Asks: 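Here you go, one structure.
All values below were derived from every heavy atom in this structure, side-chain atoms included, with hydrogens, water molecules and symmetry-related copies excluded. The shown structure was predicted, so the numbers you read here are calculated from the model rather than taken from an experiment. Residues: numbered from 1 along the sequence shown.
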Amino acid sequence: MERRLSSMNQPPTYGDLITILSIDGGGIRGIIPSTILSFLESELQKLDGEEVRLADYFDVISGTSTGGLVTAMITAPGDNNRPLYAAKDITSFYLDHCPKIFPQQSGLLGSARKFVSAITGPKYNGKYLHKLVRKQLGDKRLHQTLTKVVIPAFDILLLQPTIFSSYQIKADKSKDALLSDICISTSAAPTYLPAHYFENEGKDGKIKRFHLVDGAMAANNPTLVAMGEITREVHKENPDFFPIKPMDYGRFLVISLGTGSAKSTDNYTAKDAAKWGVLGWLYNNGGTPLIDTFQQASADMVDIHISNVFQALHSEQSYLRIQDDTLTGDTSSVDIATEKNLKELVKVGKELLQKPVSRVNLETGKFEAVPNEGTNEQALIRFAKLLSNERRTRLQRSPHTPSIR
């Protein structure tokens, strides 16, 4: 009989590494990392059996906006206390539901309506998304996820980030919100979807009120947020991380997935932007320059910082950032949910697997191939082996592991 490892997650104290998966925001472009995740999970299943899921291998999974939704899907408990979605099913979820979340209006009249909507209110009312998320996630709360999760949002009343972190709910009960409220909040991209308000009971029965918008306002690439949450736990001497030191980044194993960008094209020029007022910055050539610029800057600054840290520690091969900065036209949008464009994004994700491992050039800001590191697919196969070995190590060392059958 095939030997199968227990699905019980064991803490890093029994292993050699701290494992992090991070997924950027990007609307319908979430299809791109979904394709990558499907491949990674399939490689893990080749090593450890068809029943394993991504949540069995990562100490924390972090996601912003559409990445937050994916995070909830692969960590929320479903039947038999296993993840609600297998990674291979996420792409179908996007293909089936994005056209209804972002209904398209064609022709000149449709373009005019989009412009008016962008000026007078969000382009989409969010009703379908809200109903869908509440149906899928039901009454599940943050503490029920099958591994630790970190999902940022931004509180527009307080003008500060709100981080929904599995690590924080013990000290702050109000953060133990419904996963549906968390997903709706982190996905509430300004000008696209409405801000989200909800209440949750906190310490001593006090009600905490949240006024939230897109997590990309805080961190479109949430990798650094996840690393910060772990560092704080280490500093607090959480026994799950003993004997790891607070700045022991050399033990981190990080996979960070982008949703694509359009750096290869001339998006906006200073000559044009110099003439823009409020409307120009909020809506121009079908895009939202202010939001596009803010989100891309947020994601790139995180990648640049983490790249520097891992290079300084000579641990570059422990950090894998997979991103495509060559998107053009409709594929670079967050909401053009036509059948043609959604299928094109699936193609982009598959082609990204075959592209060489790349790192951001600190001078140009663009991704450049790293010599002798192969393709993203080859890198993911290597990471799958590292993740599998780490999981086995923890299960063998832990006194709490059920017997292996």
Asks: Backbone N or O of Leu253 within a donor-acceptor pair of the Ser318 side chain at under 3.5 Å?
Replies: no
Asks: If you measure from the Lys or Arg side-chain nitrogens to the Asp or Glu carboxylate oxygens, is any gap between Glu351 and Lys355 under 4.0 Å?
Replies: no
Asks: Answer yes or no: is there a donor N or O on one side and an acceptor on the other, between the side chain of Thr259 and the main chain of Arg29, under 3.5 Å?
Replies: no
Asks: Under the side chain to side chain donor-acceptor pair (under 3.5 Å) rule, what do Thr338 and Asn341 come out as? Steps first, then yes or no, please.
Replies: CA-CA 5 Å; Thr338 61; Asn341 193 41; 5.1 Å; no
Asks: Can you tell me how far apart CG (Leu17) and OG1 (Thr393) are? Round to the nearest 0.5 Å.
Replies: 8.5 Å
Asks: Would you check, one step at a time, whether the test side-chain contact (heavy atoms from CB on, under 4.5 Å) holds for Leu21 with Leu257?
Replies: CA-CA 8 Å; Leu21 172 63; Leu257 304 181; 4.3 Å; yes
Asks: Hey, is the main chain of Ala384 close enough, under 3.5 Å, to the side chain of Ser388 for a donor-acceptor pair?
Replies: no
Asks: Look at the side chain of Arg251 and the backbone N and O of Asp16, then say whether any donor-acceptor pair between them is shorter than 3.5 Å.
Replies: yes
Asks: Tell me the closest heavy-atom pair linking Leu342 and Ala337, and the distance in Å.
Replies: CD1-O, 3.9 Å
Asks: Are any non-hydrogen side-chain atoms of Ile151 and Leu142 less than 4.5 angstrom apart?
Replies: no
Asks: Take Gln168 and Glu229 through the test side-chain contact (heavy atoms from CB on, under 4.5 Å) and record every step on the way to the result.
Replies: CA-CA 9 Å; Gln168 295 185 21; Glu229 287 293 295; 3.0 Å; yes
Asks: Within the distance-only criterion (no hydrogens, no angle test), does the side chain of Ser333 pair as donor or acceptor with the backbone N or O of Asp330 below 3.5 angstrom?
Replies: yes
Asks: If you measure only the distance, is there a donor-acceptor pair under 3.5 Å linking the side chains of Ser261 and Asp325?
Replies: no
Asks: Could you give me the CA-CA distance, side-chain angles and deciding distance for Asp59 and Thr19, then say whether side chain to side chain donor-acceptor pair (under 3.5 Å) is met?
Replies: CA-CA 5 Å; Asp59 294 311; Thr19 56; 3.3 Å; yes
Asks: Given side chains that start at C-beta, do those of Leu37 and Ile23 come closer than 4.5 Å, heavy atoms only?
Replies: yes
Asks: Find the distance between SG (Cys183) and CZ (Arg134) and round it off to the nearest 0.5 Å.
Replies: 10.5 Å
Asks: Could you tell me how the ring of Tyr319 sits relative to the ring of Phe310: parallel (under 30°), tilted (30 to 60°) or perpendicular (over 60°)?
Replies: parallel
Asks: Treating Thr145 as the side-chain partner and Thr147 as the backbone partner, does any N or O pair qualify as donor plus acceptor under 3.5 Å?
Replies: yes
Asks: Is Met227 close to Ile306 at the side-chain level, that is, under 4.5 Å between some pair of heavy atoms?
Replies: yes
Asks: Could you tell me whether the side chain of Asp155 and the main chain of Gln160 form a donor-acceptor pair under 3.5 Å?
Replies: no
Asks: Might you confirm whether atom NZ of Lys208 has over 12 heavy atoms from other residues, nucleotides or ligands at distances under 6.0 Å?
Replies: yes
Asks: Arg53 side chain to Glu41 main-chain N or O, any donor-acceptor pair under 3.5 Å?
Replies: no
Asks: May I ask you to decide if the ring planes of Tyr249 and Phe252 are parallel, tilted or perpendicular, using 30° and 60° as cut-offs?
Replies: perpendicular
Asks: Once you measure the plane-to-plane angle for Phe198 and Phe210, does it fall in the parallel (<30°), tilted (30-60°) or perpendicular (>60°) bin?
Replies: parallel
Asks: Heavy-atom count around Phe242 CZ within 6.0 Å, excluding the residue itself: above 12?
Replies: no
Asks: Counting only heavy atoms not in Glu237 (residues, nucleotides, ligands), do more than 12 fall under 6.0 Å from its CD?
Replies: no
Asks: Please report the interatomic distance CD1(Ile32) to OH(Tyr94), rounded to the nearest 0.5 Å.
Replies: 10.5 Å
Asks: Do the side chain of Ser165 and the main chain of Ile163 share a donor and acceptor less than 3.5 angstrom apart?
Replies: no
Asks: Measure from the side-chain N and O atoms of Ser42 to the backbone N and O of Phe39, and report whether any donor-acceptor pair falls under 3.5 Å.
Replies: yes
Asks: If we only count heavy atoms from C-beta on, is the Leu352 to Asn376 side-chain gap below 4.5 Å?
Replies: yes
Asks: A quick test of your reading: do over 12 heavy atoms of other residues, nucleotides or ligands sit less than 6.0 Å from NE2 of His143?
Replies: yes
Asks: Does Arg391 make a cation-pi contact with Tyr57, if we ask for NZ or CZ under 6.0 Å from the ring centre and within 45° of the axis?
Replies: yes
Asks: Counting only heavy atoms not in Lys148, do more than 12 sit closer than 6.0 Å to its NZ atom?
Replies: no
Asks: Is the shortest heavy-atom distance from the side chain of Tyr192 to the side chain of Pro122 under 4.5 Å?
Replies: no
Asks: Considering non-hydrogen atoms only, spot the tightest contact between Phe164 and Lys175 and give its length.
Replies: CD2-O, 3.5 Å
Asks: What pair of heavy atoms forms the shortest contact from Leu178 to Arg141, and how long is it?
Replies: N-NH1, 3.5 Å
Asks: Return the minimal non-hydrogen interatomic distance between Tyr85 and Asp89, and the atom names on each side.
Replies: CD2-CB, 3.9 Å
Asks: Restricting to non-hydrogen atoms, name the atom on Ser315 and the atom on Gly250 that form the minimum distance, rounded to 0.1 Å.
Replies: OG-CA, 4.1 Å
Asks: Working to the nearest 0.5 Å, report the span between OG of Ser166 and CD of Glu233.
Replies: 10.0 Å
Asks: Are Glu373 and Arg359 close enough for a salt bridge, meaning some N to O gap below 4.0 Å?
Replies: yes
Asks: Taking all atoms of both residues into account, what is the closest heavy-atom pair of Val234 and Lys245, and its distance?
Replies: CG1-C, 3.4 Å
Asks: If you define the side chain from C-beta out and look only at heavy atoms, does anything of Ile255 sit under 4.5 Å from Ile36?
Replies: no
Asks: Could you tell me whether Lys170 and Asp176 have a side-chain N and a carboxylate O separated by less than 4.0 Å?
Replies: no
Asks: Would you give the length of the straight line joining atom CG of Asp335 to atom CD1 of Ile101, rounded to the nearest 0.5 angstrom?
Replies: 11.5 Å
Asks: Should the heavy atoms of other residues, nucleotides or ligands under 6.0 Å from CD of Glu339 be counted, would the total exceed 12?
Replies: no
Asks: About how many Å separate CD1 of Ile31 and OG1 of Thr66, when rounded to the nearest 0.5 Å?
Replies: 8.5 Å
Asks: Is the shortest distance from a Lys or Arg side-chain nitrogen in Glu390 or Arg394 to a carboxylate oxygen in the other one below 4.0 Å?
Replies: yes
Asks: Leu212 and Asp181: side-chain contact (heavy atoms from CB on, under 4.5 Å), yes or no, with the steps?
Replies: CA-CA 10 Å; Leu212 303 177; Asp181 279 323; over 6 Å; no
Asks: Quick one, Pro399 and Tyr14 - any side-chain contact, counting heavy atoms below 4.5 Å?
Replies: yes
Asks: Please step through side-chain contact (heavy atoms from CB on, under 4.5 Å) for the pair Asn9 and Leu146, ending with a clear verdict.
Replies: CA-CA 8 Å; Asn9 290 350; Leu146 299 175; 5.6 Å; no
Asks: Do the non-hydrogen side-chain atoms of Asn221 and Thr64 ever get within less than 4.5 Å of each other?
Replies: no
